[in-house]
Amino acid sequence: MPSMLFRRLAPFLLLGAFTTCALAQSDAPFRLIVTHLEPPLVPNSVMDLADALGYFDQEGVNVELVRVQQTPSALAALQAGEGEMANIGVDALLQAISAGATDLRAVASPNKALPFLIAARDDITTVENLAGASFGVGRIGSLDHSLSSLVLDSMGADIEQSQIVSLGQPNVRAQALAAGQIDATTMSIGTWLSLADTTGLHVLVDQDAYFAAAPLVNKVNAVPGKVLAERPEDVAAVIRALIRISRDFAADPQLWVDGMSEALPDADTGVLDALVTSFATSWSVNGGMSADELAYTADWLYGTEDFFAVPPLALEDWVSFAPVDAALASLGTADAMDPADR
């Protein structure tokens, strides 16, 4: 049975519904599909916080966050017309375009870098010391294995000289390292900070050095061609909001800590402080759309087993720089991080 409050509010709710329908053509929500159910403890949280802290409103765009789990669901929702923009993996975007979704384009990357690092026992002081040591990976050929091989190779070491141990998920590998069962492994900064005791361990390759050695763009915000054609101002407004909040967090990290503390009241503030320190150079202050990094990412993906039979796409076939350039035209370019090369 409807509550007394609902019965009292029903006429107003109906009026609101009719009003919404009448305004739908002029004030339709811009649905942004994200692949997390709550703000994540990574720079990707700028999308949630831009909504919560009013950045989208300040840019005059009515953003509605649509939450799904993982890239396949986000991509399916975007292609089904259930959103105007989706935060998805670059690999999935390239696969989708090659499979026929030729109008999809990457327009921004709020969180381009995987926050990976390599942790090791204290007596392993250089990457060369990994020769002969046991190195934990998810599996042979997994993303962490492939990327770490690339990173170490660029630093003059060869991961194949280590004893490779397949252990599965990052938290399992981290616990194995803490228990002395392996000598080194790759994990995210969040997993590293979650370890209760890191006595005898240290970060051998931090996340900045890891990304510099393998500048792969992990995820991008993609939009269909119809949205680019019909709502270019909204796309640029969303990107402006994400750039502005990224710059504000870069300038004052405490703003991110405060925003995340409000969004996740149970979050450990000590962990938040440590995370935001590690993000010092990771914010997408120019939209996360370096042409060199995007091209590097595609080239690397096309060399992997998953893309063995996939014809390579030219950069312009999966990226549109026009929206982020429109945003930067009004905001200017920040030179401290996040290259805006074209």
Side-chain angles (χ1 to χ4, degrees), residues 35-36 40-44 69-72 88-92 94-95 109 111-121 124 126-195 198 201-220 275 278-279 282 293 296-308:
T35 55
H36 48 261
L41 297 176
V42 291
N44 226 21
Q69 290 184 310
Q70 302 184 340
T71 281
I88 59 176
V90 171
D91 56 345
L94 294 177
Q95 293 276 14
S109 182
N111 180 31
K112 60 184 181 180
L114 286 164
F116 280 1
L117 55 80
I118 296 176
R121 295 194 336 256
I124 296 177
T126 68
V127 293
E128 289 81 9
N129 295 154
L130 291 171
S134 55
F135 196 102
V137 301
R139 59 176 173 79
I140 300 298
S142 62
L143 180 63
D144 63 282
H145 177 221
S146 299
L147 278 187
S148 294
S149 178
L150 186 63
V151 168
L152 292 174
D153 182 67
S154 75
M155 296 179 172
D158 182 358
I159 197 173
E160 300 309 319
Q161 292 183 359
S162 301
Q163 302 172 38
I164 305 300
V165 183
S166 297
L167 292 172
Q169 296 299 315
N171 62 316
V172 176
R173 303 197 304 271
Q175 291 299 331
L177 177 64
Q181 297 167 351
I182 55 174
D183 300 320
T185 190
T186 302
M187 66 185 78
S188 71
I189 179 65
T191 301
W192 169 254
L193 291 174
S194 72
L195 288 174
T198 57
L201 306 176
H202 73 124
V203 174
L204 180 65
V205 179
D206 66 27
Q207 67 184 70
D208 288 340
Y210 196 101
F211 182 75
L216 296 175
V217 178
N218 177 38
K219 300 184 78 174
V220 291
L275 282 170
S278 73
F279 298 156
S282 298
E293 291 171 357
Y296 180 94
T297 300
D299 287 345
W300 183 82
L301 285 170
Y302 284 121
T304 64
E305 184 177 340
D306 289 344
F307 282 79
F308 176 74

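Residues take their numbers from the sequence shown, with the count starting at 1. If you're wondering where the values come from, they're calculated on a predicted model, not measured in any experiment.
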Kindly indicate whether the side chain of [X], heavy atoms from C-beta on, has any atom under 4.5 Å from the side chain of [Y].
X	Y	answer
Arg173	Asp144	yes
Met187	Leu177	yes
Thr186	Phe135	yes
Leu147	Leu114	yes
Leu130	Leu204	yes
Ile118	Leu152	yes

Full working for side-chain contact (heavy atoms from CB on, under 4.5 Å) between Leu193 and Ser188 = CA-CA 9 Å; Leu193 291 174; Ser188 71; over 6 Å; no
Closest approach of [X] and [Y], non-hydrogen atoms and distance?
X	Y	answer
Tyr210	Phe116	CB-O, 3.4 Å
Leu201	Arg121	CD2-CA, 4.1 Å
Phe279	Val42	CZ-CA, 3.7 Å
Gly141	Ser146	O-OG, 3.5 Å
Ile159	Ser148	CD1-CB, 4.2 Å
Ala133	Ile124	CB-CD1, 4.1 Å

Decide if atom CD of Gln169 counts as having more than 12 heavy atoms of other residues, nucleotides or ligands within a radius under 6.0 Å.
-> no
Does Gln70 CD have over 12 foreign heavy atoms under 6.0 Å away?
-> no
Return yes if a side-chain donor-acceptor contact under 3.5 Å exists between Lys219 and Thr35, otherwise no.
->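 Present: a donor and an acceptor within the cut-off.
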Do Asp306 and Thr304 have side-chain atoms, one donor and one acceptor, less than 3.5 Å apart?
-> no
Backbone of [Y] reached by a side-chain donor or acceptor of [X] within 3.5 Å:
X	Y	result
Gln207	Ser278	yes
Thr297	Glu293	yes
Ser134	Gln163	no

Working to the nearest 0.5 Å, report the span between [atom1] of [X] and [atom2] of [Y].
X	Y	atom1	atom2	result
Lys112	Asn44	NZ	CG	13.0 Å
Leu216	Leu301	CG	CG	7.0 Å
Glu128	Asp158	CD	CG	11.5 Å
Phe211	Asn218	CZ	CG	10.0 Å

